[in-house]
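Predicted model only: the values in this text are computed from it and were never measured.
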Amino acid sequence: MGSRMSARYRRKYEDVKQYFEDNGCTLLSPTYKNNREKLDYICECGNVSKISFGKFKEGKRCKECGKRKISNKLKGVKRPERNGENHPNWKHDKTDEERLADRKYREYHEWRNSVFVRDGYTCQHCGQLGESLEAHHLNGYSWDIENRVNIDNGITLCESCHSLYHFQFGKQNVVKEDFLYFIQGVSWDMRYQVEV
């Protein structure tokens with residue numbers, strides 16, 4: 001009974017292909033088995049992607065079209081400001097000094113993002129792209145207060161290179177010259193031997 005029923009409702013490949021074309025897309029897969037099978041197709045925006053016929057009938061399309069739909073939906077939508085004191089996680093009992101020590105303030109986050117953008121989201125030591133990135137202060141955050149959020153005082157490192165730098169040169173009294181030695185592969189011990 002079940003197999004006869006599924007055979008009755010099963011779509012033919014030609015019908016599925018026509019449905020894609022009627023919706024401005026081109027079906028690339030040469031066969032069609034069922035509603036859940038992922039099919040290769042060219043989306044109306046020109047991207048080659050995969051989608052099940054069931055999702056396609058629901059109006060879903062490629063990831064780029066999905067992002068565009070969300071973006072268009074959010075354009076012009078006014079959202080309440082949720083920064084600083086208006087954020088639900090704001091700690092009212094913290095002092096400004098404590099916020100600076102924790103590096104939880106807007107200018108710091110903007111500095112960090114600007115460093116990443118300038119360096120192309122790439123570790124400037126090993127060349128790793130995009131994963132576990134950290135913004136390193138060339139002159140220490142604790143002592144070079146004037147340049148804490150100066151983009152020229154930052155450089156992008158991956159988490160492991162950043163840890164290696166601080167392992168070799170320490171976390172106190174960080175200076176730009178030490179970083180230049182680090183990039184050249186000279187450890188703190190080797191630098192000391194060279195200078196003596």
K.L.:
With rounding to the nearest 0.5 angstrom, report the CZ to CZ distance, F116 to R112.
P.N.:
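Going from the CZ atom of F116 to the CZ atom of R112 covers 4.0 Å.
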
K.L.:
Quick one, E21 and Q18 - any side-chain contact, counting heavy atoms below 4.5 Å?
P.N.:
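Yes, close enough: below the 4.5 Å cut-off.
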
K.L.:
Taking all atoms of both residues into account, what is the closest heavy-atom pair of V115 and G154, and its distance?
P.N.:
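Shortest heavy-atom contact: CG1-C, 3.9 Å.
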
K.L.:
Determine the minimum heavy-atom distance between L133 and Q128, stating which atoms define it.
P.N.:
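Distance-wise, the nearest heavy atoms are CD2-O, 4.3 Å.
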
K.L.:
Minimum heavy-atom separation for C25 to E44, with atom names?
P.N.:
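Looks like SG-N, 3.4 Å.
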
K.L.:
For the atom pair CD (E37) and CG (N35), what is the distance rounded to the nearest 0.5 Å?
P.N.:
10.5 Å

K.L.:
In this structure, are over 12 heavy atoms from other groups packed under 6.0 Å from K57 atom NZ?
P.N.:
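Yes, NZ of K57 has more than 12 neighbouring heavy atoms, counting only those of other groups under 6.0 Å.
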
K.L.:
Considering all heavy atoms of both residues, which atom of D178 and which atom of Y165 are nearest to each other, and what is their separation?
P.N.:
CB-OH, 3.4 Å

K.L.:
I would like to know whether H166 and H136 meet side-chain contact (heavy atoms from CB on, under 4.5 Å); could you show each step before the answer?
P.N.:
CA-CA 10 Å; H166 286 298; H136 169 71; 3.6 Å; yes

K.L.:
What's the shortest heavy-atom distance between C158 and C123, and which atoms?
P.N.:
N-SG, 3.2 Å

K.L.:
Pair N23, R61 - check side-chain contact (heavy atoms from CB on, under 4.5 Å), show working.
P.N.:
CA-CA 10 Å; N23 286 279; R61 295 298 182 264; 3.6 Å; yes

K.L.:
Is it true that a side-chain atom of D119 and a backbone atom of T122 form a donor plus acceptor pair closer than 3.5 Å?
P.N.:
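Answer holds: no.
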
K.L.:
Go through the steps to decide whether K55 and E58 satisfy the test side-chain contact (heavy atoms from CB on, under 4.5 Å), and finish with yes or no.
P.N.:
CA-CA 5 Å; K55 295 287 183 188; E58 290 173 11; 3.8 Å; yes

K.L.:
Looking at every non-hydrogen atom in both residues, tell me the closest pair between F182 and Q168 and how far apart they are.
P.N.:
CD1-OE1, 3.4 Å

K.L.:
Verify, without hydrogens or angle tests, whether T156 (side chain) and Q124 (backbone) share a donor-acceptor contact under 3.5 angstrom.
P.N.:
no

K.L.:
Please write out which residues are connected to L39 in a hydrophobic cluster, directly or through intermediates, given that two of Ile, Leu, Val, Met, Phe, Trp, Tyr count as joined at side-chain heavy-atom separations below 4.5 angstrom.
P.N.:
Y13, V16, Y19, F20, L27, Y32, Y41, I51, F53, F56

K.L.:
How long is the gap from CG on D22 to CG on D15, to the nearest 0.5 Å?
P.N.:
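Here the rounded value is 10.5 Å.
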
K.L.:
In Å and rounded to the nearest 0.5 Å, what is the CD1 to NE2 distance from I155 to H137?
P.N.:
12.5 Å

K.L.:
Distance check, rounded to the nearest 0.5 Å: R148 atom CZ versus N139 atom CG?
P.N.:
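It comes to 12.5 Å.
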
K.L.:
Under the side chain to side chain contact (heavy atoms under 4.5 Å, CB included) test, which residues partner N150, sequence neighbours left out?
P.N.:
N147, D152, N153

K.L.:
In terms of hydrophobic clusters joined by side-chain contacts under 4.5 Å, are L164 and I183 together?
P.N.:
yes

K.L.:
Give me the one residue out of I42, N47, V48 that meets side-chain contact (heavy atoms from CB on, under 4.5 Å) with C62.
P.N.:
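Per the side-chain contact (heavy atoms from CB on, under 4.5 Å) rule, the option paired with C62 is N47, out of I42, N47, V48.
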
K.L.:
Nearest 0.5 angstrom please: I151 CD1 to N113 CG, how far?
P.N.:
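Answer rounded to 0.5 Å: 10.0 Å.
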
